[in-house]
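Structure record follows, encoded as structure tokens.
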Amino acid sequence: MPKHKKTIAIIGAGLGGAAAAALLQHAGFEVQLYEQAFGFSRLGAGIHMGPNVLKIFRRIGIDQKLAEISSKPKFWFSRDGITGKYLSRIPLEGYGATYCTVHRGDLHKLQIAALQPGTLHFDKRLKQIDDGGNDVYLEFEDGTSARADIVIGADGINSRVREILLGVEKPNYSGWVGHRAVIPADKLKKYNLDFEECVKWWGPDRHMMVYFTTGDRSEYYYVTGVPHDAWDFKDPFVQSSREEMADAFKGYHPVIEALIDATDEVTKWPLFNRNPLPLWSKGRLVLLGDACHPMKPHMAQGAAMAIEDGAMLARCLGETGIENYSSAFKLYESNRRDRATRVQTVSNANTFLLTQEDPAWVYGYDLYAEPLKSEAIA
Ligand SMILES: Cc1cc2nc3c(=O)[nH]c(=O)nc-3n(C[C@H](O)[C@H](O)[C@H](O)COP(=O)(O)OP(=O)(O)OC[C@H]3O[C@@H](n4cnc5c(N)ncnc54)[C@H](O)[C@@H]3O)c2cc1C
């Protein structure tokens, strides 16, 4: 039985929206989660979930389960993509929780399973919102509607909620794409090479990040960052090919050549970003994750920031109650903006862990141990 009678609507059940929903429910709020997709599938992609996120997942009881299904690398290696020389060896243990690399679909499935039954509504593409002052009216493309006391826009980089708050504005194409491929680890045996648990191969203007996505290390995954003049496709991603990959990484290290040789299917994704937004909330509407501060994915912390946002929002609403949503939103922004902007800046610059540095400011962060900066509600 929810502790608070009022309803929170979340638009978008991605990694950020799903986390926010579970954390808000854990805090006793009534939550409805609206997602445009008809359902979710296990799309070929991996993801890093650092100790900063695992500490949050502990709250909703999925940290152990995630660690069980994930690879748990002890180090992040950075290596020269051509010579193979080691540029850094960053310990991933000692930050108060496990560092996981996992299949994105498996992570998302765990997050969805943590929701109370009946929370998630598929095929609900948000069309319009009317913040009437006393509550919010939501209209979906399928002709249905709903009401809520507050609305969280967790609807990604092309957020409709952001458009309603700030107007229509396309995100900036960064001039880079990311290729993604999952490779059965068995296919790699024949190369007789050392496929390390978590390694980023750096070239002068491109890179390839590689890691396992399962606890039994049966799947290996790579994601690249490669310059690409324009993105002329309507779709969120397109198919690439082994040939395109071989061309992009010609002359690179034998491990990279082997990975490309073992690739059956590879997709290509545009990397977009936005400048920091002038506001994160207005009236009864508030943004989180990529809807609020999208970034190039080079720190592997975009989803982590979306999940941290959800946790902070739940914490702030827990402090103030929904009645004082306006104070909660201010508190949320003042406790998230600096960190999210710092991560966004470093991620876009693509320098993180290239050389030996201490990542404790990212991984050591414990959102619940941080005192709330409360000046915003004074
Ligand atoms: C190549 C690549 C690699 C990455 N690797 C990592 C990594 O290793 N670690 C990491 O932390 N991050 C990584 N990221 C970043 C990460 O994927 C994003 O930051 C993260 O997914 C953002 O989560 P989100 O919930 O804010 O948005 P999304 O995951 O985009 O979810 C938004 C959801 O909203 C739904 N939606 C959209 N519009 C509507 C609407 N009008 N009505 C209803 N529903 C709607 C969408 O269908 C979607 O389900 C990577 C990104 C890329 C491109």
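Both ligands and their constituent atoms are indexed starting at 1 by order of listing.
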Considering only heavy atoms, which of Gly12, Ala154, Pro294 lies nearest to atom 32 (C) of ligand 1?
Ala154
Below 3.5 Å, N or O to N or O, backbone or side chain included: is there any such pair between Arg180 and ligand 1?
no
Counting heavy atoms only, which of Ile157, Asn158, Ile47 is nearest atom 6 (C) of ligand 1?
Ile47
Would you say Arg104 touches ligand 1, if touching means a heavy atom closer than 4.0 Å?
yes
Indicate yes or no: does an N/O atom of Arg160 lie under 3.5 Å from an N/O atom of ligand 1?
no
Tell me which donor-acceptor pairs under 3.5 Å the side chains of residues 275-284 have, and how far apart each pair is, sequence neighbours excluded?
unit_1: Arg284; atom_1: NE; unit_2: Gly133; atom_2: O; d: 2.7
unit_1: Arg284; atom_1: NH1; unit_2: Asp149; atom_2: O; d: 2.9
unit_1: Arg284; atom_1: NH2; unit_2: Gly133; atom_2: O; d: 3.0
unit_1: Arg284; atom_1: NH2; unit_2: Asn134; atom_2: O; d: 3.2

Output yes when the distance from some N or O of ligand 1 to some N or O of Leu288 is under 3.5 Å, and no in every other case.
no
Pairs of nitrogen or oxygen atoms closer than 3.5 Å, one from His48 and one from ligand 1: do any exist?
yes
side-chain hydrogen bond (donor to acceptor under 3.5 Å, both in side chains) evaluation trace for Tyr99 with His48
CA-CA 8 Å; Tyr99 193 106; His48 297 242; 2.7 Å; yes
Quick one: side chains of residues 8-15, donor-acceptor pairs under 3.5 Å with protein atoms, not counting sequence neighbours, listed by atom name and distance.
none

Within a distance under 4.0 Å of any heavy atom of Lys124, pick out the atoms of ligand 1 and give their elements.
42 (N), 43 (C)
Specify the protein heavy atom at minimum distance from atom 48 (C) of ligand 1: its residue, its atom name, and the distance to 0.1 Å.
Glu35 OE1, 3.5 Å
Measure from NZ or CZ of Lys200 to the centre of the six-membered ring of Trp76 and say whether it is under 6.0 Å with the direction within 45° of the ring axis.
no
Flag, side chain of Glu244 to backbone of Ser240, donor-acceptor distance under 3.5 Å
no
Which is it for Ile11 and ligand 1 at heavy atoms under 4.0 Å: side chain, backbone, both or neither?
side chain
Part of Gln301 within contact of ligand 1 (heavy atoms, under 4.0 Å):
backbone
Around Asp205, counting heavy atoms of other residues, nucleotides and ligands shown, do more than 12 lie under 6.0 Å from its CG?
yes
Within the 3.5 Å criterion, strictly below it, is a donor on Gln344 or Asn273 matched to an acceptor on the partner's side chain?
no
Against the six-membered ring of Tyr137, is Arg147 placed for a cation-pi contact (under 6.0 Å from the centre, within 45° of the normal)?
no
Report yes or no: does Gly178 have a heavy atom closer than 4.0 Å to ligand 1?
no
Against ligand 1, does Ala37 come closer than 4.0 Å with any heavy atom?
no
Where does the angle between the aromatic ring planes of Phe40 and His108 fall among parallel (under 30°), tilted (30 to 60°) and perpendicular (over 60°)?
tilted
If you measure every N/O of Gly302 against every N/O of ligand 1, is any gap under 3.5 Å?
yes
I'd like to check which ligand 1 atoms, numbered from 1 as shown, lie under 4.0 Å from a non-hydrogen atom of Val223.
1 (C)
Below 4.0 angstrom, N of the basic side chain to O of the carboxylate: do Arg160 and Glu163 qualify?
yes
By number and element, which atoms of ligand 1 are closer than 4.0 Å to a non-hydrogen atom of Gly289?
26 (O)
Candidates Gly156, Gly16, Ala306, Gly153; heavy atom nearest atom 25 (O) of ligand 1 found on Gly16
If I apply the N/O under 3.5 Å rule, does Ala300 come out as touching ligand 1?
yes
Within ligand 1, which atoms have a heavy atom of Ala304 less than 4.0 Å away?
11 (O)
Classify the angle between the aromatic ring planes of Trp231 and Tyr173 as parallel (below 30°), tilted (30 to 60°) or perpendicular (above 60°).
tilted
Using distance alone, determine whether Ala303 and ligand 1 share an N or O pair under 3.5 Å.
yes
Of Glu93, Lys72, Lys55, which meets side chain to side chain contact (heavy atoms under 4.5 Å, CB included) against Thr98?
Lys72
Heteroatom proximity flag, Trp269 to ligand 1, N/O under 3.5 Å:
no
